[in-house]
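Written below as structure tokens is the structure these notes are about.
Order of listing sets the numbers, starting from 1, for every ligand and every atom in it. Excluded from the calculations below are hydrogen atoms, water molecules and symmetry mates; all remaining heavy atoms, backbone and side chain alike, are included. It should be emphasised that the depicted structure is a prediction, and the values quoted were computed from it without experimental measurement.
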Amino acid sequence: MTTQNSRATGSVSAGSVTLVGGGPGAAELLTVAAVTALQRADVVLFDRLSPSDDLGSLAPGATLVDVGKRAGSHPVSQAGIEELMLEHALAGKRVVRLKGGDPYVFGRGSEEVLACHRNGIAVTVISGVTSAIAVPAAAGIPLTHRGISHAFTVISGHAPLTDNELEGLTLLGSTIVVLMGVGTLPTLSQGLLRHGMPARMPVAIIERGFSATQRTTVSTLATVLADAAAAGVRSPAVLVIGEVVRLAFSGDTAANDLVARAADFAVTA
Ligand code: SAH
């Protein structure tokens, strides 16, 4: 969990960088290590999806820099973020780079660690609660369940999957969790169907997990595009594709309907 700069130059400033996983948005899901790092920070560079509401009191001694949206509401580029991070650390500051979820799950955390290594800056990584697991859980969806799913695969929907990847996913039969997947939902759902995944495979889309406007849309692989469009589903959202979706929402009508339809399908298929 800890990566230290191995270049003992002797002339390295006392500054440091700590990559902190901020969890999926709820301050209660920050780790103790994350809270401690924030308390000690001189500078906090934070993202759009990191828990930022209460940052002033979590990091009382720090200058807070929103790198998700700054001047003119343009997000700072990855190179720009790394530059800022290094600049402050080289000036002797304790820099916290606060990221949503876990820094090593699609968070470009390792790029930032490498940038520190290249520049002789001591860097530490504090793991966070990833949205890949916690956002489905917030909607009552477990990723594994004995007898239903004994594996889960977390994929990025940033770019469409190849046919080989789609085939591999279909053959593996794991629960599929998709981050950044709203834009590529058409190619993913069509691709999985083309590779033989059952049309009635349950799909859940959980938007804005842990916020006051968290919303879950339950559907099936065949109908998810129409259902997502009808609901006006938007990013950020976590998608779950798999039988485990049926385990959620014991009191939810839409989910109960889905279970009934799926059970019907199992009998008639
Ligand atoms: N490192 C992060 C993921 C970064 S990618 C982690 O471990 O959670 C950003 C994607 O994460 C978003 O597009 C969305 O798919 C997902 N995400 C993060 N926080 C979320 C939240 N509170 N609700 C829904 N989706 C979320």
Using residues 173-182 as the side-chain source, report each donor-acceptor pair under 3.5 Å to any protein atom, sequence neighbours left out, with the distance given to one decimal.
| residue | atom | partner | partner atom | Å |
| --- | --- | --- | --- | --- |
| Ser174 | OG | Thr153 | OG1 | 2.7 |
| Thr175 | OG1 | Leu143 | O | 2.8 |
| Thr175 | OG1 | Ser149 | OG | 2.8 |

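Here is the list of ligand 1 atoms found below 4.0 Å of a heavy atom in Val135: 21 (C), 23 (N). Every atom of ligand 1 is numbered from 1 in the order shown, and the set under 4.0 Å from a heavy atom of Asp102 is 1 (N), 6 (C), 7 (O). Annotation for ligand 1: atoms under 4.0 Å from non-hydrogen atoms of Arg208 are 23 (N), 24 (C).
Given atom 18 (C) of ligand 1, the protein heavy atom at minimum distance is Ser131 OG, 3.3 Å. Protein heavy atom nearest atom 22 (N) of ligand 1, with residue, atom name and distance: Pro24 O, 2.9 Å. Here the heavy atom of the protein found nearest to atom 23 (N) of ligand 1 is Gly209 N, 2.8 Å. Of the protein's non-hydrogen atoms, the one nearest atom 10 (C) of ligand 1 is Met180 CG, 3.8 Å. The protein non-hydrogen atom at the shortest distance from atom 2 (C) of ligand 1 is Gly100 O, 3.2 Å. At the shortest separation from atom 7 (O) of ligand 1 among protein heavy atoms lies Thr130 OG1, 2.7 Å. Protein heavy atom at the shortest distance from atom 3 (C) of ligand 1 is Val105 O, 3.5 Å. Of the protein's non-hydrogen atoms, Leu49 CD1, 3.8 Å is the one closest to atom 12 (C) of ligand 1.
When the heavy-atom distances from atom 25 (N) of ligand 1 to Leu179, Val238, Asp47, Val129 are ranked, the shortest goes to Val238. Counting only non-hydrogen atoms, the option in Gly128, Ser156, Ala237 that gets closest to atom 15 (O) of ligand 1 is Ala237.
Between Ile121 and Leu86 there is a side-chain heavy-atom pair separated by less than 4.5 Å.
Under a 4.0 Å N-O distance rule, the pair Arg97/Glu112 qualifies as a salt bridge.
Under 3.5 Å, the side chains of Asp227 and Ser219 contain a donor-acceptor pair of N or O atoms. Side-chain contact of Asp163 with His195: a donor-acceptor pair under 3.5 Å is present, judged by distance alone. Side-chain N/O atoms of Ser16 and Arg94 include no donor and acceptor closer than 3.5 Å. When only modelled atom types and interatomic distance are considered, Thr220 and Thr223 share a side-chain donor-acceptor pair under 3.5 Å.
Within the 4.0 Å heavy-atom criterion, neither part of Gln214 lies near ligand 1.
Both Ile148 and Ile133 sit in one connected hydrophobic cluster of ILVMFWY residues. Membership requires side-chain heavy atoms under 4.5 Å apart, directly or through other members.
Look at Phe106 and you'll find a heavy atom under 4.0 Å from some atom of ligand 1.
Legend: residues meeting side-chain contact (heavy atoms from CB on, under 4.5 Å) with Val129, ordered by chain and number and at least two apart, are Pro24, Ala134.
Environment of CZ in Arg194: crowded, with over 12 heavy atoms of neighbouring residues, nucleotides or ligands closer than 6.0 Å.
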